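Only heavy atoms go into these numbers, but all of them, side chains included; no hydrogens, no water, no symmetry mates. The structure displayed is predicted, hence computed values, not measured ones. Residue numbers start from 1 in every chain, and the chains themselves are labelled A, B, ... in the order their sequence lines are given, proteins ahead of strands.
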Amino acid sequence: MDQAQKTHYCGKLSTGHVNRKVKLTGWVGKRRDHGGLIFIDLRDRSGQVQLVFDQRQGRELFNLAETLRGGYVVAAEGEILPRSPETINPSLPTGEIEVGVTSMEVLNISKTPPFYIEDNINVDENLRLRYRYLDLRRPEMLKRLQLRHRAVKLIRDYLDQYDFLEIETPFLTRSTPEGARDFLVPSRLQGGSFYALPQSPQLFKQLLMVSGIERYFQIARCFRDEDLRADRQPEFTQVDIETSFFSTENLFALTEGLVAELWKEIHGLEIKRPFTQMPYREAMNRFGTDKPDLRYGMELADLDQQARKSEFKVFQAALEKGGSVKGLRLPGGKRLSRKDLDDLTLQARQLGAKGLAWAYVEEEGWRSPISKFFAPPLIEEINRKMEAEAGDVLLFVADSWELSCAVLGHLRTKFAPDKLSDQPHFLWVVDFPLFHFNEEEQRYDSDHHPFTAPRAEDMPLLEGEPLSVRARAYDLVLDGVEIGGGSMRIHDSSTQARIFKMLGLTEEESAEKFGFLLDALTYGAPPHGGIALGLDRLVALLSGDESIRQVIPFPKTATASCLMTGAPSNVSEKQLEELRIIIEPEKDEK
RNA sequence: GGAGCUGUGGUGUAGAUGGUUAACAUAUCGGCCUGUCAAGCCGAAGACCGCGGGUUCGAGUCCCGUCAGCUCCGCCA
């Protein structure tokens, strides 16, 4: 440190420094002016300390102190003084001492900040984002940056200890089909061509395995041009890991160790290992989601057998079409009004269900528009199956299996208990399907990505029954949040070619788009696989934040703009000309 | 692409069913004040109510549109 500027951090001063001469620098916070006596809270990265200016100890310095305002940057020299017992402030770490200032220089003045530089402020997020540099001055925001730093450092140290090599991959790369929409960067040297920003370093990390790196990682920035959410930004950070000669279990153990260390370091919590594993199908069946929150029960009931015995046409029709009838019990649901249930029905419709059936469970049976379709013994049977008691409400959805599960799974989260365990519940969701059918495009899409290896025993089903093929893919889930995912990759070019073909890519197309990968796989690609953890989500979970925006220093808004810099913005005609880009006027659609 | 919520001095809010000086707190500025730390007391300044239309004698308030932020659905291999 430059001793001329600063000898101590404000927040680190304590009774141990009494009588010490110190030089401090920082920002003026609150000012308490008593006329002949002025108190200033001086704040720097470490915290704050009280400066005292006494008129009797020199007019010139005191006059300067009177000009101080919030946000001014000052360098002060003085002596650490103990406070008399009645003036000690126990709510402050530095509350037992203060600084008797002997000289001071104002390094910079400041306009009045647009909001208070302190914790727990209640301001429009607009304003915080526009003045993000001031927002980050607030202690709680600094704490988040520090937490993120600690997490990243721990991750680097942990992986280094297991021989992982941190390697950078390009931001300017080629656009590949599938997946999210790319952010494109026009090429000037080759006008009319575009780079794409990477949605993830997926192909590079696999190619590094062909290079013989064996253990790679990167704290990688990724870019996806899709609509935003509280937990989604157009650019985000991924802890990207790829390994050769690792079994899935090896990789799980490695990841579990990493996550456990994070929780231990940040929260002092011992995490039970190994983590629970659950097949995708089971997760959907029991919880109606591929990222179940295991901190509470309220599992879905499979009611196909009972529905078959009912007279209810809607249920019958769903079953005939190969669908499913699922049920969800809301304990104590009788407090829900008819209107509440109508709202739920509306929500179910918005999620894609054709409707939502419901029943108030009473001693004598069901109070429900559909009760007439169910004989009393059948009602009895369903109640038993769902462990329903008088006072509960039962919800039913009949649709395709996936939709029935998903709709009720969504409603389940709405009725989650208020009080949930503090102990984090980690879970591996495994055995995802390799493909799903894309109705819109009328073709199969990869559920994970096209480089995911199918389970060997499912390979014979690949062409005949593709939807039954399970992938060697996995997601890491924590309390209902997906914090990572990955897979074992295809490492032989013939399997990879078969998959591309299933995805509807002709040989020419795959050669054109992924030729470099297919080529690489023919040069002794080792068995490999990896995982990517969402760093922003991890840090947000560790800091207890709902939105990842809180742990991203300079985030974008829901329309992907930066309120501070004004990005995205227009560019000059000259820039456009160099890129041979012509901006078309906006289409007026009316 | 769709839905919902929000937008009033610098900041945070109040302004039932339209009615004329838009209220309060805090910050700001000035004065007083030697032990405050949410300092106190006195005083001053500060908003054409996101923007644009419309209805009305009259709009912060009602209607339409639009912009911005947030949340959700679609989307996100």
Asker: Is A:H34 stacked against the base of B:A39, taking the criterion as centroid distance under 5.5 angstrom and interplanar angle under 30°?
Answerer: yes
Asker: Using both distances under 3.5 Å as the test, list the Watson-Crick or G-U wobble partner of B:U13, or none.
Answerer: B:A23
Asker: Any side-chain donor paired with an acceptor under 3.5 Å for A:Q218 and A:T169?
Answerer: yes
Asker: Near RNA chain B, which residues from residues 399-408 of chain A have a heavy atom under 4.0 Å away?
Answerer: none
Asker: Does A:R83 contact B:C37 through a side-chain donor or acceptor facing the base, at a distance under 3.5 Å?
Answerer: yes
Asker: Counting only N and O atoms by type, is there a donor-acceptor contact under 3.5 Å from the side chain of A:R181 to the main-chain atoms of A:D225?
Answerer: yes
Asker: Using the C1' atom as the point on both nucleotides, what is the distance between B:C51 and B:A68, in whole Å?
Answerer: 10 Å
Asker: Quote, to the nearest angstrom, the C1' distance that separates B:U8 from B:U13.
Answerer: 9 Å
Asker: Decide, yes or no, whether a salt bridge links A:E226 with A:R224 under the criterion of side-chain N to carboxylate O below 4.0 Å.
Answerer: no
Asker: Would you mind pulling out the nucleotide paired to B:G43, Watson-Crick or G-U wobble, both distances under 3.5 Å?
Answerer: B:C29
Asker: Could you tell me the separation between the CZ atom of A:F62 and the P atom of B:U34, rounded to a whole number of Å?
Answerer: 9 Å
Asker: C1' atom, B:G74 versus B:A38: distance in rounded Å?
Answerer: 47 Å
Asker: Taking only the C1' atom of each, what is the distance from B:C72 to B:C76 in whole angstrom?
Answerer: 14 Å
Asker: Look at the side-chain N and O atoms of A:R229 and state whether any lies under 4.0 Å from the OP1 or OP2 oxygen of B:C73.
Answerer: yes
Asker: Rounded to the Å, how far apart are A:L81 CG and B:U34 P?
Answerer: 20 Å
Asker: Ignoring hydrogens and angles, tell me if any N or O in the side chain of A:R83 forms a donor-acceptor pair with the backbone of A:I97 under 3.5 Å.
Answerer: yes
Asker: Looking for any heavy atom pair under 4.0 Å, which part of the strands does A:N89 touch: base, sugar-phosphate only, or nothing?
Answerer: base
Asker: Would you classify A:E98 as touching base, sugar-phosphate or nothing, given that sugar-phosphate means primed atoms plus P, OP1 and OP2, and contacts are heavy atoms under 4.0 Å?
Answerer: base
Asker: Determine the Euclidean distance between corresponding C1' atoms of B:C24 and B:G9; express it in Å to zero decimal places.
Answerer: 12 Å
Asker: Quick one, which residues of residues 123-135 of chain A touch RNA chain B with a heavy atom under 4.0 Å?
Answerer: A:V123, A:D124, A:E125, A:N126, A:L127
Asker: For A:W428, is the CH2 atom crowded, meaning more than 12 foreign heavy atoms sit under 6.0 Å from it?
Answerer: yes
Asker: Does a nitrogen or oxygen in the side chain of A:R549 sit under 4.0 Å from OP1 or OP2 of B:U71?
Answerer: yes
Asker: Looking at A:T559, I'd like to know whether one of its side-chain N or O atoms comes within less than 4.0 Å of OP1 or OP2 on B:G69.
Answerer: yes
Asker: Please report the distance separating the P of B:C63 from the corresponding atom of B:U55, rounded so that it comes out in whole Å.
Answerer: 15 Å
Asker: Can you tell me the pairing partner of B:U36 across any strand shown, Watson-Crick or G-U wobble, with both distances under 3.5 angstrom?
Answerer: none
Asker: Classify A:T87 by what it touches in the nucleic acid, base, sugar-phosphate, or nothing, heavy-atom distance under 4.0 Å.
Answerer: base
Asker: In this structure, are over 12 heavy atoms from other groups packed under 6.0 Å from A:E140 atom CD?
Answerer: yes
Asker: Test your reading of the model: is there a side-chain donor-acceptor pair from A:R455 to the backbone of A:D431, 3.5 Å cut-off?
Answerer: no
Asker: Please report, rounded to the nearest Å, how far the P atom of B:C70 is from the CG atom of A:D231.
Answerer: 13 Å
Asker: May I have all residue pairs that pass salt bridge (charged side-chain N to carboxylate O under 4.0 Å, His left out) and include part of residues 496-506 of chain A, sequence neighbours excluded?
Answerer: A:E463-A:R498
Asker: Going by an N to O cut-off under 4.0 Å, is there a salt bridge joining A:R229 and A:D227?
Answerer: no
Asker: Nearest whole Å is fine: how far is B:G1 C1' from A:R181 CZ?
Answerer: 10 Å
Asker: Taking A:S487's backbone N and O only, do any of them form a donor-acceptor pair with A:Y474's side chain (distance below 3.5 Å, no angle check)?
Answerer: yes
Asker: Check the distance between B:C70's C1' and A:Q233's CD and give it to me in whole angstrom.
Answerer: 13 Å
Asker: Remember a base hit wins even if backbone is also touched, and classify A:F115 as base, sugar-phosphate or nothing at under 4.0 Å, heavy atoms.
Answerer: nothing
Asker: Just how far, in rounded Å, is P of B:C72 from CG of A:L346?
Answerer: 18 Å
Asker: Using the ring-ring contact (aromatic ring centres under 6.0 Å, His included) rule, pick out the option among A:Y195, A:F236, A:F171 that qualifies with A:F223.
Answerer: A:F171
Asker: Mind checking A:T452 for me? I need base, sugar-phosphate or nothing, with any heavy atom below 4.0 Å counting as a touch.
Answerer: nothing
Asker: Counting only Watson-Crick or G-U wobble pairs whose two distances fall under 3.5 Å, which nucleotide matches B:G58?
Answerer: none
Asker: Under the salt bridge (charged side-chain N to carboxylate O under 4.0 Å, His left out) test, which residues partner A:R232, sequence neighbours left out?
Answerer: none
Asker: Could you work out the separation of B:U17 and B:C5 based on their C1' atoms and round it to a whole Å?
Answerer: 23 Å
Asker: For nucleotides 23-31 of chain B, list the nitrogen or oxygen atoms of the protein found under 3.5 Å from its nitrogen or oxygen atoms, one pair per line.
Answerer:
from: B:U26; atom 1: O2'; to: A:Y116; atom 2: OH; distance (Å): 2.4
from: B:A27; atom 1: O4'; to: A:Y116; atom 2: OH; distance (Å): 3.4
from: B:C29; atom 1: OP1; to: A:R69; atom 2: NE; distance (Å): 2.9
from: B:G30; atom 1: OP2; to: A:R69; atom 2: NH2; distance (Å): 3.4

Asker: Rounding to a whole Å, what distance do you find between A:D475:CG and B:C76:P?
Answerer: 15 Å
Asker: Who are the ring-ring contact (aromatic ring centres under 6.0 Å, His included) partners of A:F53, not counting sequence neighbours?
Answerer: none
Asker: Classify the side-chain pair A:E86/A:S84 by whether it contains a donor and acceptor separated by less than 3.5 Å.
Answerer: yes
Asker: Is the base of B:C76 touched by the side chain of A:R224 through a donor-acceptor pair closer than 3.5 angstrom?
Answerer: no
Asker: If the C1' atom of B:U28 is compared with that of B:G65, how far apart are they to the nearest Å?
Answerer: 37 Å
Asker: Starting from P on B:G35, measure out to CD1 on A:I88 and report it in whole angstrom.
Answerer: 17 Å
Asker: What is the pairing partner of B:C48, taking Watson-Crick or G-U wobble pairs with both distances under 3.5 Å in any strand?
Answerer: none
Asker: May I ask you to say what A:D447 touches in the nucleic acid, namely base, sugar-phosphate or nothing, with a heavy-atom cut-off under 4.0 Å?
Answerer: sugar-phosphate
Asker: Check this for me: does any side-chain nitrogen of one of A:D399 and A:K326 sit under 4.0 Å from a carboxylate oxygen of the other?
Answerer: no
